[in-house]
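Everything on this sheet refers to the single structure shown next.
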Number of protein chains: 2
Amino acid sequence: MSRRDRPAKPALSQETIVDAAMVLLDADGLDGVSMRRVAQALDTGPASLYVYVRNRDELIGLLIDRIAGTITLPVVGPDTDWREQLIELMLNGIKALGRYPGVAVAMFANVPDSPNALALTDALLGLLTQGGLSRQARAWAVDLLALYIVAAGTEETLHAQRGTEELRKTDVHRGAREVFAGLPAEQYPNITDLHEELTYGTAEQRTRWSIDVMINGILATDAKPS
Amino acid sequence: MSRRDRPAKPALSQETIVDAAMVLLDADGLDGVSMRRVAQALDTGPASLYVYVRNRDELIGLLIDRIAGTITLPVVGPDTDWREQLIELMLNGIKALGRYPGVAVAMFANVPDSPNALALTDALLGLLTQGGLSRQARAWAVDLLALYIVAAGTEETLHAQRGTEELRKTDVHRGAREVFAGLPAEQYPNITDLHEELTYGTAEQRTRWSIDVMINGILATDAKPS
DNA sequence: ACCTGAACACCGTTCAAGT
DNA sequence: ACCTGAACACCGTTCAAGT
């Protein structure tokens with residue numbers, strides 16, 4: 001309880017603050033990362049944090065950069081398959097974001113200007129260049145792919161959050177299928193007709209298909225449509 | 001200030017609660033819709049709301065359904081252009097979500113099981129059927145398209161929120177371009193190379209291109225990839 | 001059944017005062 | 001310069017008590 005019972009009483013700094021926040025994020029998701037809880041973990045009052053961090057939003061930005069840094073970027077060689085690497089990179093990004101409930105949502109807010117987020121964007125662009133796309137197609141494509149990574153990551157974390165909360169026994173798919181199947185056919189003819197197909201496949205299969213669709217679409221679409 | 005100065009002192013009900021919440025949403029975005037503020041607008045205490053609404057999440061769900069109801073669904077005729085209608089429907093959806101800061105994000109959380117959200121899904125499926133897609137392709141495609149609508153809507157509202165806050169003078173594009181242009185070329189070669197293209201085009205142009213890409217991709221992709 | 005005052009357990013952020 | 005106690009202005013939700 002007293003000072004000397006603690007490991008090493010780290011001096012306050014932006015890094016130690018982000019470290020502490022990361023521990024809380026791991027345990028309780030972004031909702032668990034409050035200024036007060038971070039301060040408590042560091043054995044101070046919340047006001048002390050504001051010396052090293054402008055506000056909670058900036059702290060979240062720093063967490064995002066940490067997470068973005070864990071995504072392994074592809075090593076581009078002379079005869080690597082750009083398409084397979086692109087898919088792999090996107091799946092890695094989605095998985096990384098999926099690990100931390102609430103973080104991906106926060107990425108919608110700002111242009112990703114943190115070092116690790118920029119590195120990811122640059123890597124995506126590099127792979128698209130290998131794909132032989134026009135300059136404008138590459139530029140617009142990276143926007144779409146980045147949006148998808150964030151969106152798919154968000155979906156994953158929020159489903160996970162729900163899952164732990166209440167209905168982990170009946171998995172989401174089964175639940176959704178029954179909802180779809182039980183709908184009035186006159187009102188929603190297309191949904192009821194396809195209720196089996198709508199819930200078919202694992203999350204990874206479905207994500208892979210979506211990524212495939214986008215790559216095929218990018219290759220097939222001129223960068224300046226009518 | 002007293003009772004008789006007010007219009008008609010509406011009796012409390014789920015509908016009046018959602019009405020009041022909608023007014024707050026319009027004025028201040030989802031952050032402005034707190035149980036306490038809604039109660040205040042209805043001249044009661046927050047506890048009273050819990051008779052008609054399980055919790056804030058359910059209230060938000062009701063708001064989402066209201067907004068989904070404002071999206072005009074396409075009237076399918078014998079010789080209408082399914083592709084153009086699909087694009088139009090998606091743009092309408094994105095615009096509807098874009099009007100209310102914070103709402104689109106909330107849609108990631110749950111499978112959209114509200115009447116109006118289901119109607120939108122059914123309409124999308126109908127158009128995809130007209131496009132001659134296989135059953136499985138339609139089912140997976142509607143997932144991807146719905147995810148994009150929510151993601152693009154989220155992006156729009158959050159940018160709008162930021163915009164009103166601080167930097168409305170220098171628009172986002174100009175800001176982003178300068179950020180990209182000023183980056184170290186050794187570290188981010190692809191971004192700096194394409195910094196002009198990365199910020200080229202209006203939001204609608206870019207969105208249209210993305211939708212085009214997805215439709216082309218869906219048409220080109222078998223529903224059961226390796 | 002419906003409504004409510006009061007409380008519980010939290011938030012982010014600021015600011016004057018201390019060292 | 002860094003740190004902090006205390007306060008300000010909020011939250012969602014519950015619950016006993018009233019009508």
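Residue numbering restarts at 1 for every chain, and letters A, B, ... go by the order of the sequence lines. Remember, predicted model here, so these are calculated numbers, not experimental data.
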- Using the test side chain to side chain contact (heavy atoms under 4.5 Å, CB included), find all partners of A/Pro74 that sit at least two apart in sequence or belong to another chain.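 Applying side chain to side chain contact (heavy atoms under 4.5 Å, CB included) to A/Pro74 gives A/Gln85, A/Leu89, A/Ala123, A/Leu127.
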
Expressed in angstrom and rounded to an integer, what is the separation of [X] atom [atom1] from [N] atom [atom2]?
X: B/Gln40; N: C/dT4; atom1: CD; atom2: P; value: 14 Å
X: A/Leu42; N: D/dC2; atom1: CG; atom2: C1'; value: 15 Å
X: B/Arg36; N: D/dC10; atom1: CZ; atom2: C1'; value: 8 Å
X: A/Met35; N: D/dT4; atom1: CE; atom2: C1'; value: 14 Å
X: B/Ile60; N: D/dG12; atom1: CD1; atom2: P; value: 9 Å
X: A/Ile17; N: D/dC3; atom1: CD1; atom2: P; value: 9 Å
X: B/Asp43; N: C/dC2; atom1: CG; atom2: P; value: 20 Å
X: B/Leu30; N: D/dG12; atom1: CG; atom2: P; value: 10 Å

When you get a sec, tell me which of [options] is the closest nucleotide to the side chain of [X]?
X: B/Ala47; options: C/dT13, C/dA6, D/dC3; value: C/dA6
X: B/Ser48; options: C/dT13, C/dC3, D/dC11; value: C/dC3
X: B/Tyr50; options: C/dT4, D/dT13, C/dT13; value: D/dT13
X: B/Arg37; options: C/dT13, C/dC3, D/dC11; value: D/dC11

- Message: Using a 4.0 Å heavy-atom cut-off, does A/Arg54 contact any base of the nucleic acid, only the sugar-phosphate backbone, or nothing at all?
- Response: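 No contact.
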
- Task: Describe the nucleic acid contact of A/Arg56 in one word from base, sugar-phosphate, nothing, applying a heavy-atom distance below 4.0 Å.
- Result: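 A/Arg56: backbone/sugar contact only, no base atoms under 4.0 Å.
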
Quick one: is [N] close enough that its OP1 or OP2 comes under 4.0 Å of any side-chain N or O from [X]?
X: A/Ser34; N: C/dC11; value: yes
X: A/Tyr52; N: D/dC3; value: yes
X: A/Thr44; N: D/dC3; value: no

Has the side chain of [X] got a donor or acceptor atom that lies under 3.5 Å from a matching backbone atom of [Y]?
X: B/Trp209; Y: A/Ala141; value: no
X: A/Thr154; Y: A/Val150; value: yes
X: B/Asn116; Y: B/Asp65; value: yes
X: B/Arg206; Y: A/Leu144; value: no

- Nearest non-hydrogen partners of A/Ile94 and A/Gly153, listed with the distance: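 So the minimum-distance heavy-atom pair works out to CG2-N, 4.0 Å.
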
- Item | NZ/NE/NH1/NH2 to OD/OE distance under 4.0 Å, A/Asp31 and A/Arg37 |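 No, this pair does not count.
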
- Query: Should we count CD of B/Glu15 as having more than 12 external heavy atoms under 6.0 Å?
  - Reply: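 Check fails, neighbour count at 12 or below.
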
- D/dC10 versus C/dA9 - spacing of their P atoms, nearest Å: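 The same atom, P, in both gives a distance of 23 Å.
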
- Message: Both atom distances under 3.5 Å, Watson-Crick or G-U wobble: I'd like the secondary structure of DNA chain D as a dot-bracket string, with | for pairs made across strands.
- Response: ||.|||||...|||||.||

